[in-house]
Amino acid sequence: MGSIPVEPGMVAAVVTHLEMRARPRPAPIPPAPLQLVRWKAPKIDTYRALFRRVGEPWLWFSRLVMSDESLAAIIHDPMVEIYAVADPRGIEVGLLELDFRAMPDCELVFFGLVPQLNGKGHGKWLMAQAKALAWRKGVERFWVHTCTLDSPVALGFYMKAGFVPTRREIETFADPRLAGILPRDCAPHVPLLDQSANA
């Protein structure tokens with residue numbers, strides 16, 4: 001048994017890849033006071049605002065540091081489908097993103113709700129929507145990856161939804177809080193190791 005040191009200012013996460021190889025049996029979508037709104041070619045700033053609102057507690061930052069051109073190439077691609085989750089007031093409270101660019105695979109790229117909605121059963125509703133949208137003609141594999149920076153219930157949630165773990169890897173990256181990409185006080189479950197603060 002060994003350990004791999006992580007450099008100061010870096011974050012390490014265990015990433016688990018999961019997949020579903022067969023269309024699940026049809027099932028009713030659980031009731032929820034939410035609705036999905038398809039965003040076709042969303043504005044960059046609007047997309048990033050929702051991405052940040054949903055993902056900041058879990059250190060999502062990948063789409064915040066991309067150039068506008070690189071991000072637009074993804075989210076404006078007709079084979080990438082983006083859905084905002086709206087509450088009864090029409091306020092965006094969640095994000096669902098499906099990528100069909102590598103058919104016959106469909107990737108569940110982003111899936112999440114704002115923290116205030118967690119633990120209320122709305123995730124089951126959103127997953128039912130995701131599966132209904134992903135499994136269309138020509139799709140043979142629906143896959144997702146999650147990591148130890150995510151909600152502690154995420155991995156079990158995906159497995160309960162029918163995804164099977166297939167591989168695991170360690171990912172390291174510069175802590176986005178140290179660069180000012182995300183607030184220093186977000187993701188308190190991931191300790192901020194800032195050596196400069198002790199200098």
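The analysis underlying the following values was restricted to heavy atoms, covering all of them including side chains, and did not include hydrogens, waters or symmetry mates.
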Item checked: Audit row: Tyr47, Glu97, side-chain hydrogen bond (donor to acceptor under 3.5 Å, both in side chains) steps and yes/no -> CA-CA 11 Å; Tyr47 174 89; Glu97 186 169 330; 2.6 Å; yes
How many angstroms lie between atom [atom1] of [X] and atom [atom2] of [Y], to the nearest 0.5 angstrom?
X	Y	atom1	atom2	answer
His76	Lys43	NE2	NZ	10.5 Å
Ile29	Lys124	CD1	NZ	15.0 Å
Trp58	Leu182	CH2	CG	13.5 Å
Leu193	Leu178	CG	CG	8.5 Å
Arg25	Arg23	CZ	CZ	14.0 Å
Asp150	Phe157	CG	CZ	10.5 Å

[X] versus [Y], closest heavy-atom pair with distance:
X	Y	value
Trp125	Pro30	CD1-O, 2.9 Å
Ala130	Leu98	O-CD1, 4.3 Å
Phe111	Gly123	CZ-O, 3.7 Å
Ala84	Leu50	CB-CD2, 3.9 Å
Gly138	Pro104	O-CB, 3.2 Å
Cys106	Val139	CB-CG1, 4.2 Å

Do the side chains of [Y] and [X] get nearer than 4.5 Å, heavy atoms only?
X	Y	answer
Glu140	Asp105	no
Val54	Leu113	no
Asp77	Arg101	yes
Trp39	Thr46	yes
Thr166	Leu18	no
Val190	Arg177	yes
Cys186	Leu59	yes
Glu81	Arg38	yes

Between [X] (side chain only) and [Y] (backbone N and O only), is there a donor and an acceptor less than 3.5 Å apart?
X	Y	answer
His189	Leu149	yes
Thr172	Val11	no
Thr148	Ala13	no

Note to self: Pair Asp68, Arg48 - check side-chain contact (heavy atoms from CB on, under 4.5 Å), show working.
What the structure shows: CA-CA 10 Å; Asp68 289 355; Arg48 281 199 179 116; 2.8 Å; yes
Check: Between Arg52 and Asp45, does at least one N-O distance fall below 4.0 Å, as a salt bridge requires?
Finding: no
Tell me whether [X] shares a hydrophobic cluster with [Y], the cluster being built from Ile, Leu, Val, Met, Phe, Trp, Tyr side chains joined at under 4.5 Å.
X	Y	answer
Leu96	Ile91	yes
Met10	Val65	no
Met103	Ile74	yes
Ile170	Leu155	no
Val15	Phe142	no

Item checked: Parallel, tilted or perpendicular, as decided by the 30° and 60° cut-offs, for the rings of Phe173 and Phe61 -> tilted
Next item on the list: Kindly indicate, with the supporting measurements, whether the criterion side-chain contact (heavy atoms from CB on, under 4.5 Å) is fulfilled by Leu95 and Val85.
Entry: CA-CA 6 Å; Leu95 176 65; Val85 178; over 6 Å; no
Check: Only one of Met20, His145, Lys131, Met127 clears side-chain contact (heavy atoms from CB on, under 4.5 Å) with Leu108; which?
Finding: Met127
Notebook entry, point to check: Are Phe163 and Trp143 close enough that their ring centres sit under 6.0 Å apart?
Noted result: no
Next item on the list: Tell me, please, whether Phe110 has Arg63 positioned over its six-membered ring: NZ or CZ under 6.0 Å from the ring centre and within 45 degrees of its axis?
Entry: no
Margin query: Just by distance, no angles: are the side chains of Gln35 and Tyr83 close enough, under 3.5 Å, to form a donor-acceptor pair?
Written below: no
Check: Taking it one step at a time, do Val80 and Phe100 satisfy side-chain contact (heavy atoms from CB on, under 4.5 Å)?
Finding: CA-CA 6 Å; Val80 174; Phe100 295 91; over 6 Å; no
Next item on the list: Just do the side-chain contact (heavy atoms from CB on, under 4.5 Å) check on Arg168 and His17 with the steps written out, would you?
Entry: CA-CA 6 Å; Arg168 191 179 292 126; His17 296 255; over 6 Å; no
